[in-house]
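All of these numbers come straight from a predicted model, not from anything done at the bench.
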Amino acid sequence: MSKPGGPGAGGGPTAAAAAAAAQKQKSLLQRVDTDIANIVDNFGLLVNVARVNDLPVRNAQEAFQMETRASRMVQAADSLLKLVSELKQTAIFSGFESLNENVERRIAEFNQLEESSDRLLQRIGEQAAVSLNELETHYYSSVQRAHRQVG
């Protein structure tokens, strides 16, 4: 909604907030990628370990590895769910911040318009007063007023 080159463009707190929000979003998306890669890797390893052997010791080791991989998958999935929640909150609050910034910008624009309108009206009033004063002076000093009073 803000136009390039318009009010607030180029720097200041708005640009800093936008940069911070972009950095946070980038960080969150990197964490999402990491968690998804972690889930996929652990699932692949879980499938590789999930074979049945004749040796009971080997089966116990594989069962332990499977539990470990499954636990890591659950942790990554939980982290991913937290990240999704955080992304939703960021999107919601960023939307409100954007709306608030837009409202504040519009208020500033309207305040400037109000000030310029007040100055213009004041100038018009002063010009009207000067013109009325000149007309009154001209009327009272005119020949026609003098003829009306005589006749």
Side-chain angles (χ1 to χ4, degrees), residues 1-140:
M1 314 272 131
S2 70
K3 298 175 186 170
T14 304
Q23 182 60 36
K24 182 176 182 176
Q25 184 178 17
K26 183 179 178 183
S27 170
L28 291 173
L29 290 174
Q30 286 174 341
R31 286 173 49 194
V32 167
D33 289 341
T34 301
D35 285 343
I36 290 173
N38 194 1
I39 290 172
V40 171
D41 291 344
N42 281 305
F43 183 76
L45 292 170
L46 183 66
V47 169
N48 287 339
V49 172
R51 54 181 178 254
V52 177
N53 290 321
D54 293 333
L55 302 174
V57 173
R58 181 132 174 116
N59 282 340
Q61 288 175 340
E62 290 173 350
F64 177 73
Q65 286 180 355
M66 289 175 64
E67 287 179 22
T68 304
R69 298 297 175 192
S71 174
R72 289 182 184 168
M73 285 178 61
V74 169
Q75 288 173 350
D78 184 52
S79 175
L80 193 57
L81 287 173
K82 288 177 184 175
L83 282 171
V84 168
S85 176
E86 195 172 339
L87 283 170
K88 285 180 182 178
Q89 288 176 355
T90 301
I92 289 170
F93 293 131
S94 292
F96 285 135
E97 288 176 13
S98 174
L99 286 174
N100 288 337
E101 289 173 5
N102 192 25
V103 167
E104 289 173 10
R105 183 178 52 80
R106 294 292 289 171
I107 287 172
E109 288 175 10
F110 287 135
N111 286 338
Q112 289 175 351
L113 283 172
E114 178 187 19
E115 290 172 9
S116 83
S117 296
D118 286 345
R119 286 192 302 268
L120 180 62
L121 287 172
Q122 185 177 6
R123 224 177 30 242
I124 290 171
E126 290 170 358
Q127 289 174 353
V130 168
S131 296
L132 184 59
N133 194 10
E134 288 176 4
L135 288 171
E136 285 178 349
T137 303
H138 181 70
Y139 174 73
Y140 289 119

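Taking CZ of R119 as the start and CD of E115 as the end, the distance is 6.0 Å to the nearest 0.5 Å. The line from CG of D33 to CG of L80 is 10.0 Å long, rounded to the nearest 0.5 Å. Taken to the nearest 0.5 Å, the CG atom of L45 stands 11.0 Å off from the OG1 atom of T68. Here the CG atom belonging to D78 is positioned 13.5 Å from the CE atom belonging to M73, to the nearest 0.5 angstrom. L120 contributes atom CG, which lies 11.5 Å from atom CG of L113 (distance to the nearest 0.5 angstrom).
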With side chain to side chain contact (heavy atoms under 4.5 Å, CB included) as the test, would you mind laying out the steps for Y140 and E136 before giving the verdict? CA-CA 6 Å; Y140 289 119; E136 285 178 349; 4.2 Å; yes
Taking it one step at a time, do R106 and V103 satisfy side chain to side chain contact (heavy atoms under 4.5 Å, CB included)? CA-CA 5 Å; R106 294 292 289 171; V103 167; 5.8 Å; no
Test side chain to side chain contact (heavy atoms under 4.5 Å, CB included) on V130 and Q127; report intermediate values, then the result. CA-CA 5 Å; V130 168; Q127 289 174 353; 5.7 Å; no
Test side chain to side chain contact (heavy atoms under 4.5 Å, CB included) on E126 and Q122; report intermediate values, then the result. CA-CA 6 Å; E126 290 170 358; Q122 185 177 6; 3.7 Å; yes
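The main-chain N or O of E67 is never found under 3.5 Å from a side-chain atom of S71 such that the two would form a donor-acceptor pair. Proximity of a side-chain donor or acceptor of S27 to a complementary backbone N or O of Q23 within less than 3.5 Å is not detected.
Applying the side chain to side chain donor-acceptor pair (under 3.5 Å) criterion to N42, with sequence neighbours excluded, gives N38, R69. Under the side chain to side chain contact (heavy atoms under 4.5 Å, CB included) criterion, S79 pairs with D35, L83, not counting sequence neighbours.
Using a 4.0 Å cut-off between charged nitrogen and carboxylate oxygen, E86 and K82 do not count as a salt-bridge pair.
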